[in-house]
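Because only heavy atoms are used, hydrogens play no part in the values below, and waters and symmetry mates are left out as well, while side chains stay in.
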Amino acid sequence: MQIDPAYAHALAEMLRESGHNPSAVGRIPNGPLDENEFLSLCTRAVSVTGDRALGLRLGATLQLGGHGVLGHALMSCRTLKQAAELLVRHNPLRSQNGRVRLAFEGDRTILSFTPAFEVPGAPHFLCDMFFAAATNGIRQLLGRELARADIELAYYPDVPSEEYDRYLRVPVRFGRPANRLIGPQNIMEAPLHAAGVATAPAYLRQCELLLRQMEAAGGYESSVRRLLLSSRGRFPAAPDIAQALNLSERTLRRRLNAEGTSYQAIVNDVRNHLARQYLADTDLSVADIGTLIGFEDLSNFRHAFRRWNGVSPSRFRRERGKSEE
């Protein structure tokens with residue numbers, strides 16, 4: 001389990017808004033959290049607030065962008081089915097003991113969830129958070145309320161059931177055999193906003209690449225990649241990245257050096273991945289692609305791409321069957 005730090009920061013903001021000092025739960029990390037770190041953070045937050053509905057509130061407050069790289073990947077999906085499959089592959093709450101599954105039965109789509117652990121004081125925290133975040137995210141992707149959907153939970157609530165109505169906004173049935181969100185299958189292929197965005201498939205693949213890298217290893221390199229990708233081409237300077245990670249620029253550079261890389265090397269690698277995918281998967285002009293990945297001068301982009309790949313952008317595109325505009 002690798003939890004994006006955006007979840008921890010969202011939890012800290014909730015504590016602040018409810019009148020609690022976030023420092024009461026300890027230091028909020030800037031890098032990915034493992035299962036034990038996330039469990040400890042949630043346990044302390046529940047203890048400080050005494051709020052057994054904290055998981056519901058946290059999930060409902062997460063905007064898609066608040067899910068970090070996963071959220072940006074979901075916003076680049078062209079259909080709800082693609083988004084659901086991505087969620088199953090890369091959901092941060094899955095682990096050896098926790099599972100997310102997608103199934104189709106007749107005319108129904110079923111998204112089920114098995115939590116990896118229980119949070120002391122709020123044993124249903126993970127389930128509440130997962131389904132609140134899932135329903136909220138689906139509403140954002142569709143741009144409307146969920147119709148003909150309901151949720152089944154394998155437990156009875158520790159808080160008034162009205163809390164579930166408030167945060168999930170779909171009918172909920174308790175004491176069922178499994179935890180699952182059930183909806184109509186016919187909406188799964190409905191086009192989402194990204195269906196009309198030419199760069200969405202390439203951007204989605206870059207997001208998935210980064211998600212796999214983050215799942216394989218943590219470290220500051222992954223954190224920098226996450227922040228760069230979230231900027232969608234408007235790459236911030238090293239001092240801005242360091243500030244976002246609560247580090248000095250000198251410390252960031254030293255820690256990246258210890259990991260065998262540098263800020264500029266990571267920027268170049270992200271730019272190169274995006275450029276290659278835009279060239280192979282879209283009909284955007286070379287000039288437009290250069291602008292998308294942060295090059296204001298076309299000649300500088302051509303020179304950099306040739307240095308990275310040994311061929312010009314136009315030749316790279318021709319070799320992959322795309323014609324230059």
ask   = Residues in side chain to side chain donor-acceptor pair (under 3.5 Å) with Arg169, at least two apart?
value = Glu145
ask   = Got Val286 and Phe316 here, is their nearest side-chain heavy-atom distance under 4.5 Å?
value = no
task = Take Arg271 and Val267, measure what side chain to side chain contact (heavy atoms under 4.5 Å, CB included) needs, and give me the verdict at the end.
result = CA-CA 6 Å; Arg271 279 177 163 169; Val267 170; 3.9 Å; yes
task = Determine whether the side chains of Asn272 and Asn309 contain a donor N or O and an acceptor N or O closer than 3.5 Å.
result = yes
ask   = Can you name the residues that form a ring-ring contact (aromatic ring centres under 6.0 Å, His included) with Tyr263, not counting sequence neighbours?
value = none
Interatomic spacing from CE in Met129 to CG in Leu11 - rounded to 0.5 Å = 8.5 Å
With Arg16 via salt bridge (Lys or Arg N to Asp or Glu O under 4.0 Å) - residues at least two apart = Glu13
With sequence neighbours excluded, residues passing side chain to side chain donor-acceptor pair (under 3.5 Å) with Ser47 = none
query = Quick one: CG on Asn179 to CD1 on Ile151, what's the gap to the nearest 0.5 Å?
reply = 10.0 Å
query = Ala149 and Pro171: which non-hydrogen atoms are nearest, and at how many Å?
reply = O-CD, 3.3 Å
ask   = Should we count CZ of Arg101 as having more than 12 external heavy atoms under 6.0 Å?
value = no
key: Distance in Å, Ser248 OG paired with Arg255 CZ, rounded so as to fall on 0.5 Å steps   = 8.0 Å
Asp297: partners by side chain to side chain donor-acceptor pair (under 3.5 Å), with sequence neighbours left out = Ser299
key: Separation between OH of Tyr220 and OG1 of Thr261, rounded to the nearest 0.5 Å   = 15.0 Å
note = One should read off an interatomic distance between Phe38 CZ and Leu126 CG, to the nearest 0.5 angstrom, of 6.5 Å
request  = Say whether, by atom type as modelled, one donor and one acceptor occur between the side chain of Glu189 and the main chain of Thr79 under 3.5 angstrom.
outcome  = no
request  = List in chain and number order the residues that pass salt bridge (Lys or Arg N to Asp or Glu O under 4.0 Å) with Arg108, two or more places apart in sequence or in another chain; answer none if no residue qualifies.
outcome  = Glu105
Interatomic distance, Phe125 atom CZ to Phe130 atom CZ [nearest 0.5 angstrom] = 14.5 Å
message = For residues 117-138, which residue pairs pass the salt bridge (charged side-chain N to carboxylate O under 4.0 Å, His left out) check, not counting sequence neighbours?
response = none
ask   = Between Thr109 and Leu102, is any pair of side-chain heavy atoms under 4.5 Å apart?
value = yes
inquiry  = Just so I know, are the side chains of Leu80 and Ile187 near enough to count as touching, which here means a heavy-atom distance under 4.5 Å?
reply    = yes
task = Please list, chain by chain and in numerical order, all residues satisfying salt bridge (Lys or Arg N to Asp or Glu O under 4.0 Å) with Arg173, sequence neighbours excluded.
result = Asp150, Glu152
ask   = With sequence neighbours left out, which residue pairs that include part of residues 143-162 fulfil the ring-ring contact (aromatic ring centres under 6.0 Å, His included) condition?
value = His124-Tyr155
ask   = Would you call Phe131 and Leu111 a side-chain contact if the rule is heavy atoms closer than 4.5 Å?
value = no
ask   = Under 4.5 Å between any side-chain heavy atoms of Thr251 and Leu245, yes or no?
value = no
query = Does Phe104 reach the side chain of Lys81, with side-chain heavy atoms less than 4.5 Å apart?
reply = yes
ask   = Shortest non-hydrogen contact from Pro184 to Ala147?
value = CD-O, 3.7 Å
inquiry  = Closer than 3.5 angstrom, by distance alone: can the side chain of Ser40 be matched with the main-chain N or O of Asn36 as a donor-acceptor pair?
reply    = no
ask   = Is Ile110 reachable from Phe113 through a run of hydrophobic residues whose side-chain heavy atoms are each under 4.5 Å from the next?
value = no
query = Is Arg250 atom CZ crowded by more than 12 heavy atoms from other residues, nucleotides or ligands, each under 6.0 Å away?
reply = no
ask   = Does the side chain to side chain contact (heavy atoms under 4.5 Å, CB included) test come out yes or no for Met14 and Ser18, once each step is laid out?
value = CA-CA 6 Å; Met14 285 185 61; Ser18 63; 5.9 Å; no
ask   = So, for Pro313 and Phe305, which heavy atoms are closest and what is the spacing to 0.1 Å?
value = N-CD2, 3.5 Å
Pair up each side-chain donor or acceptor in residues 51-58 with any protein partner under 3.5 Å, not counting sequence neighbours, and list the distances.
unit_1	atom_1	unit_2	atom_2	d
Asp51	OD1	Ala53	N	2.9
Asp51	OD2	Arg57	NE	2.7
Arg52	NH1	Gly121	O	3.0
Arg52	NH2	Asp158	OD2	3.4
Arg57	NH1	Glu163	OE1	3.4
Arg57	NH1	Tyr167	OH	2.4
Arg57	NH2	Glu163	OE1	3.1

ask   = What pair of heavy atoms forms the shortest contact from Asn136 to Gly59, and how long is it?
value = ND2-O, 4.1 Å
ask   = Any side-chain heavy atom of Arg306 within less than 4.5 Å of one from Arg302?
value = no
ask   = Is there a path of hydrophobic side-chain contacts, each under 4.5 Å between heavy atoms of I, L, V, M, F, W or Y residues, that connects Val170 with Leu153?
value = yes
query = Gln185: what forms a side chain to side chain donor-acceptor pair (under 3.5 Å) with it, not counting sequence neighbours?
reply = none
ask   = Aromatic ring centroids of Phe174 and Tyr164 under 6.0 Å?
value = yes
request  = Applying salt bridge (Lys or Arg N to Asp or Glu O under 4.0 Å), name anything that partners Arg253, two or more places apart in sequence or on another chain.
outcome  = Glu249
message = Let me check something: do Trp308 and Ile266 share a hydrophobic cluster, defined by ILVMFWY side-chain heavy atoms less than 4.5 Å apart, either directly or through other members?
response = yes
Arg148 side chain near Asn186 side chain, heavy-atom distance below 4.5 Å = yes
query = For atom CD of Gln243, is the number of surrounding heavy atoms from other residues, nucleotides or ligands below 6.0 Å larger than 12?
reply = no
request  = Specify the closest pair of heavy atoms between Ser262 and Leu256, including all atoms of both residues, with the distance to one decimal.
outcome  = C-CD1, 4.0 Å
remark   = On a heavy-atom basis, the closest approach of Ile241 and Pro236 is CD1-CG, 3.5 Å
